[in-house]
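From a predicted model like this one, the values you see are computed outputs, not experimental measurements. Convention: sequence-line order gives letters A, B, ...; per-chain numbering from 1.
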Amino acid sequence: MGSVKLQIMTIRTRFAPSPTGFLHIGGLRTALFSWAYARRHGGVFVLRVEDTDLERSSSEAIAQILDGLSWAGLSHDEGPYFQTQRFDRYKEVIEAMLATGHAYRCYCTKGELDQMRAQQTAQGQKPRYDGRCRDLKEVRLGVTSVVRFKNPLDGAVVVDDVVHGKVVFQNVELDDLIIARSDGTPTYNFCVVVDDMDMKITHVIRGDDHLNNTPRQMNMLLALGCKAPVYAHLPMILGSDGAKLSKRHGAVSVLHYRDEGYLPEALLNYLVRLGWSHGDQEIFSLDEIVELFDIADVNKSASAFDGDKLAWLNQQHMIRAPAAQLVAPLRWHLARAGITVGSDSILEQIILVQRERAKTLKEMAANSVFFFKAPTAYDEKAVNKHVTSEILKSLADLAAALGRLPDWSAVPIHDCISSCAAARDITLGKLAQPVRLAVCGGSVSPPIDATLAILGREETFVRLRRAQEHWGGT
RNA sequence: GCUCCCUUCGUCUAGUGGCCUAGGACAUCGCCCUCUCACGGCGAGUACACGAGUUCGAAUCUCGUAGGGAGCACCA
């Protein structure tokens, strides 16, 4: 038919973690890119758990990965599928490949294979299966067989990668990989192929440590009469020292960032800027990421993780977010610091005055404990510096003046402190610092007027009196 | 060892032959703002891994070299 084939293809991406450990930022970024790409094109984001390694997979890891994704807000449209629940399907495909001659049984023992590899390595060759069982006619008794894929012997596979461009692999470099172990269970590379085919994945977005697996997967797809998906291999994320991120070295669970007081949108913003940019823009909302992100713009080189920039972005997001949105997480962090807060309104007020002086919610919580717990000690150095007998007199004046204020809010409080200072012919700072010490115990807090306003009249007087008594005696 | 990938300020990046004596951001340092701490504003230093070639002209194209990474399992 000569008509133009205009097919509306639904974009389908997938995130396919193996539950052998926690979800770390590398995995989260892969998930983010797949998610964002699907969202941008109105596609479907599939979650698949690659748990064929029964030994190393755990249900705790699965739960942890799911928690991490849900905290980050990367919701999937399909799944989670579990490879362990698809063994019948894999078996079926293996039988079919055996029948069509795309796969064969191999009776080589582990010992034989080890010996083969040892020999090849000794000769400076790449260790690989030499195909000795490829054309075997009869079964070998007494040895349980594995099943190998019959990889083409010549020609080349071209991976047309969205981020790397065309990458050519010679088939001679590829050997016949095992697709079913001697116990019949399927192996990773094969499961991926069957799953991507069955789940109609159109775009495979994954770490570039998989680039070398791709030609084999494409060959298998071809043997199954299936069109290869579009591949995009993302560069890796390295530790802050430029070394590979691993569990032993710097890799932590994404939930660790929640515990440290980071906003998921800030983490995602940080991750999307690793290997990708949009002009000079640094701050992206989740919506903007969905709207602007394109894998085609991702660059090829690995990037190092920079905690300082993450912290800066986190603060920027806290400053931009509606205060109400930070109430729940701040309450959570305060609770972790031993403070339970009922009222939303006081938390909103605190957020408004604290967010430009904290990089994380955890830090904000720590800096805000004094609002709920009177200081048990005063910073000695600061007291020596700011509290004198003269100041103590001014403090008494101020307490009296504050007591006469009809309206307890920041502006009148500020005017009151300033006029008190002016009356004594001292700067505002000279008076504000002792007050600050009295109410929060240290020399750092939000502006003194806002601090007292939030603290409330009663509490302010209690703390002022206590400090005056304390300092008066020394 | 073999195959594949990567290489712009300390870090993340802009840059697709002339707009580049290389732009932005984080970090660093200085100044301003200022009741503290911050936020914010302004400014400074700092980079095209190296070597050849193509070209009137190269961060950008080609080839080498070096360095880094991945893969080469009955792991994923």
Side-chain angles (χ1 to χ4, degrees), chain A residues 16-20 50-53 55-57 83 106 108-110 113-114 117 120-129 144-148 159 161 164 167-170 172-175 177-183 185 187-189 191-192 207-215 233 235-236 238 240 242-244 270 273-283 299-313 315-316 319 353-359 367 382 386 414 417-418 421 427-433 435-437 440 442-449 451:
Chain A
S18 65
T20 55
E50 309 210 320
D51 55 352
T52 52
D53 186 351
E55 304 278 297
R56 298 199 300 147
S57 298
Q83 292 188 324
C106 164
C108 296
T109 62
K110 260 184 186 159
L113 294 173
D114 287 344
R117 273 192 284 269
Q120 288 161 336
T121 320
Q123 288 168 355
Q125 291 171 328
K126 182 202 286 207
R128 47 130 80 91
Y129 181 64
T144 47
S145 67
V146 299
V147 179
R148 286 183 187 273
V159 181
D161 192 274
H164 289 276
V167 182
V168 182
F169 293 86
Q170 296 302 322
V172 208
E173 297 292 338
L174 275 20
D175 63 356
L177 76 159
I178 291 173
I179 59 176
R181 306 182 180 94
S182 46
D183 65 1
T185 58
T187 58
Y188 166 79
N189 273 112
C191 295
V192 168
D208 67 10
D209 47 339
H210 287 289
L211 186 53
N212 286 299
N213 287 331
T214 308
H233 287 94
M236 312 252 80
L238 310 172
S240 46
K244 196 197 169 192
Y270 177 73
R273 281 285 290 101
L274 249 31
W276 177 83
S277 64
H278 182 260
D280 287 341
Q281 188 172 345
E282 293 290 347
I283 297 161
N299 62 203
K300 305 171 182 182
S301 51
S303 40
F305 184 82
D306 180 3
D308 284 335
K309 185 154 184 187
L310 203 213
W312 174 78
L313 271 172
Q315 180 171 41
Q316 294 303 314
I319 290 173
V353 297
Q354 289 286 46
R355 60 186 179 184
E356 51 206 24
R357 29 185 66 77
K359 300 278 194 197
N367 293 346
H386 299 290
H414 183 269
I417 300 175
S418 315
T427 61
L428 177 59
K430 284 266 188 287
L431 193 50
Q433 275 312 79
V435 176
R436 178 169 279 123
L437 276 167
C440 72
S443 57
V444 174
S445 88
I448 198 63
D449 47 6
T451 302

Expected rows: protein N/O vs nucleotides 21-32 of chain B N/O, under 3.5 Å:
{"unit_1": "rG24(B)", "atom_1": "N2", "unit_2": "R273(A)", "atom_2": "NH2", "d": "3.4"}
{"unit_1": "rG24(B)", "atom_1": "N2", "unit_2": "E282(A)", "atom_2": "OE2", "d": "3.2"}
{"unit_1": "rA25(B)", "atom_1": "O4'", "unit_2": "E282(A)", "atom_2": "OE2", "d": "3.3"}
{"unit_1": "rC26(B)", "atom_1": "O2'", "unit_2": "K309(A)", "atom_2": "N", "d": "3.2"}

Answer with base, sugar-phosphate or nothing: what part of the nucleic acid does [X] contact at a heavy-atom distance below 4.0 Å?
X	answer
V435(A)	nothing
S301(A)	sugar-phosphate
Q83(A)	nothing

Think [X] has a side-chain N or O under 4.0 angstrom from the OP1 or OP2 of [N]?
X	N	answer
R117(A)	rA73(B)	yes
K126(A)	rU3(B)	no
T427(A)	rC35(B)	no
H210(A)	rG71(B)	no
N299(A)	rA14(B)	yes
Q315(A)	rG40(B)	no
T52(A)	rA76(B)	yes

Is there a donor N/O on one and an acceptor N/O on the other, under 3.5 Å, for the side chain of R181(A) and the base of rC74(B)? no
Should the side chain of S182(A) and the base of rC74(B) be counted as holding a donor-acceptor pair, with the cut-off at 3.5 Å? yes
Let's test this: given Watson-Crick or G-U wobble pairing with both distances under 3.5 Å, identify the partner of rU54(B). none
Does any nucleotide pair with rC29(B) by Watson-Crick or G-U wobble geometry, both distances under 3.5 Å, and what is it? rG43(B)
Under 3.5 Å, is there a donor-acceptor pair between the Q120(A) and R117(A) side chains? no
What's the separation between atom CZ in R357(A) and atom CG in N367(A), rounded to the nearest 0.5 Å? 9.5 Å
